[in-house]
Amino acid sequence: MEKFDQRYLEMAGIWARNSYCKRRQVGALIVKDKMIISDGYNGTPSGFENICEDENGVTKPYVLHAEANAITKVAKSGNSSEGATLYVTASPCLECSKLIIQAGIKRVVYNDEYRLTDGVDLLRRAGVEVEKID
């Protein structure tokens, strides 16, 4: 474990607090060459109401995950995530893992285990280094 891993994960945790989702707040940072090149947290797309759950407390289907927000943000910025590390407060789901692989991210460091492991399994199968830090 790099000495910076814990710090970047803590920062992702702080960033998660920007989320207005009630069920779970997730934060993500993309770091390359010891520079944060992107960040994200889970929430609705730009221009939508800042409410993640419906009246029954179910997450709306169009809510973006923190990883997806960070990856699309880096795409808009003109930076490249090729070879970068993604720090995220919860292990990536299958859909986000596909984006991580396609974005060229080579390492994922996370805190909390998601109930499904298919995302992490896919990352490992693609040769992405995955590390859980408590």
Side-chain angles (χ1 to χ4, degrees):
M1 176 179 80
E2 277 187 45
K3 70 174 182 179
F4 289 106
D5 285 345
Q6 190 65 49
R7 295 284 175 261
Y8 285 130
L9 260 185
E10 285 171 26
M11 290 167 76
I14 291 166
W15 205 242
R17 292 189 226 150
N18 289 320
S19 172
Y20 31 80
C21 295
K22 290 182 174 69
R23 284 185 65 207
R24 172 178 246 187
Q25 294 181 314
V26 180
L29 294 178
I30 300 176
V31 177
K32 187 173 174 178
D33 303 323
K34 296 212 178 356
M35 279 191 324
I36 297 168
I37 60 167
S38 191
D39 53 59
Y41 50 87
N42 56 326
T44 53
S46 301
F48 281 67
E49 74 292 343
N50 289 339
I51 301 164
C52 296
E53 294 85 10
D54 64 19
E55 55 282 345
N56 300 317
V58 177
T59 301
K60 294 175 181 175
Y62 52 86
V63 166
L64 287 152
H65 288 185
E67 305 94 312
N69 267 326
I71 289 167
T72 52
K73 196 170 173 180
V74 82
K76 267 167 118 175
S77 75
N79 268 320
S80 169
S81 52
E82 190 71 45
T85 298
L86 172 76
Y87 294 91
V88 62
T89 56
S91 61
C93 71
L94 187 63
E95 290 304 311
C96 286
S97 292
K98 291 190 249 181
L99 294 175
I100 290 164
I101 293 162
Q102 291 302 93
I105 292 168
K106 290 297 171 224
R107 188 164 172 259
V108 175
V109 181
Y110 68 93
N111 272 127
D112 303 324
E113 201 77 61
Y114 184 60
R115 58 187 165 80
L116 301 172
T117 63
D118 52 357
V120 168
D121 296 341
L122 185 71
L123 289 172
R124 289 201 169 108
R125 192 171 144 202
V128 176
E129 188 188 329
V130 182
E131 199 174 335
K132 181 184 189 304
I133 296 178
D134 295 312

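All heavy atoms count here, side chains included; hydrogens, waters and symmetry mates do not.
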Considering non-hydrogen atoms only, spot the tightest contact between [X] and [Y] and give its length.
{"X": "Cys96", "Y": "Ala68", "result": "SG-N, 4.2 Å"}
{"X": "Leu86", "Y": "Ala28", "result": "CD1-CB, 4.0 Å"}
{"X": "Gly40", "Y": "Ala70", "result": "N-CB, 3.9 Å"}
{"X": "Ala12", "Y": "Leu29", "result": "N-CD1, 3.9 Å"}
{"X": "Pro45", "Y": "Leu64", "result": "CA-CD1, 4.0 Å"}
{"X": "Ala103", "Y": "Ser81", "result": "O-OG, 2.7 Å"}

Item to complete: Could you check whether the rings of Tyr41 and Tyr20 sit parallel, tilted or perpendicular, using 30° and 60° as the cut-offs?
Response: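 Perpendicular, since the angle between the ring planes exceeds 60°.
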Transitively linked via ILVMFWY side-chain contacts under 4.5 Å: [X] with [Y]?
{"X": "Leu9", "Y": "Ile100", "value": "no"}
{"X": "Ile36", "Y": "Trp15", "value": "no"}
{"X": "Val128", "Y": "Ile37", "value": "yes"}
{"X": "Ile133", "Y": "Val130", "value": "no"}

Could you check if a side-chain atom of [X] sits within less than 4.5 angstrom of a side-chain atom of [Y], using non-hydrogen atoms only?
{"X": "Ser91", "Y": "Asp112", "result": "no"}
{"X": "Arg107", "Y": "Asp5", "result": "yes"}
{"X": "His65", "Y": "Leu99", "result": "no"}

Item to complete: Kindly state each residue pair satisfying ring-ring contact (aromatic ring centres under 6.0 Å, His included) with at least one member in residues 75-110, sequence neighbours excluded.
Response: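 Counting only pairs at least two positions apart or across chains, the ring-ring contact (aromatic ring centres under 6.0 Å, His included) contacts touching residues 75-110 are Tyr8-Tyr87.
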Item to complete: Each residue besides Leu116 in its hydrophobic cluster should be listed here, by chain and number; the cluster joins Ile, Leu, Val, Met, Phe, Trp and Tyr at side-chain heavy-atom distances under 4.5 Å.
Response: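 Direct or chained contacts put Leu116 with Tyr114.
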Test your reading of the model: is there a side-chain donor-acceptor pair from [X] to the backbone of [Y], 3.5 Å cut-off?
{"X": "Lys32", "Y": "Ser80", "result": "yes"}
{"X": "Glu53", "Y": "Lys22", "result": "yes"}
{"X": "Ser38", "Y": "Ile71", "result": "no"}
{"X": "Thr89", "Y": "Gly13", "result": "no"}
{"X": "Asn42", "Y": "Arg24", "result": "yes"}
{"X": "Lys132", "Y": "Glu113", "result": "no"}
{"X": "Ser19", "Y": "Gln25", "result": "no"}
{"X": "Asp54", "Y": "Asn56", "result": "yes"}
{"X": "Asn111", "Y": "Val88", "result": "no"}

Discussion item. Please determine whether side-chain contact (heavy atoms from CB on, under 4.5 Å) holds for the pair Asp39 and Met11, giving the CA-CA distance in whole Å, both sets of side-chain angles, and the decisive distance to 0.1 Å.
Written reply: CA-CA 10 Å; Asp39 53 59; Met11 290 167 76; over 6 Å; no
Worksheet item: Which disulfide (SG to SG under 2.5 Å) pairs, counting each pair once, include a residue from residues 13-68, with sequence neighbours left out?
Response: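 Applying disulfide (SG to SG under 2.5 Å) to every pair that reaches into residues 13-68, excluding sequence neighbours, yields Cys21-Cys52.
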Worksheet item: From Met35 CE over to Ile30 CD1, what is the distance, rounded to the nearest 0.5 angstrom?
Response: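 Met35 atom CE to Ile30 atom CD1 measures 12.5 Å (nearest 0.5 Å).
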Worksheet entry | Approximate separation, where rounding is to 0.5 Å, of Ser46 OG and Lys73 NZ |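 Separation between the atoms: 9.5 Å.
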Practice prompt. Can you spot which of Thr117, Asp121, Leu122 makes a side-chain contact (heavy atoms from CB on, under 4.5 Å) with Leu94?
Written response: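 Considering Thr117, Asp121, Leu122, a side-chain contact (heavy atoms from CB on, under 4.5 Å) with Leu94 is found only for Leu122.
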Worksheet entry | Candidate pair Ile105 and Glu67, rule side-chain contact (heavy atoms from CB on, under 4.5 Å), full reasoning | CA-CA 11 Å; Ile105 292 168; Glu67 305 94 312; over 6 Å; no
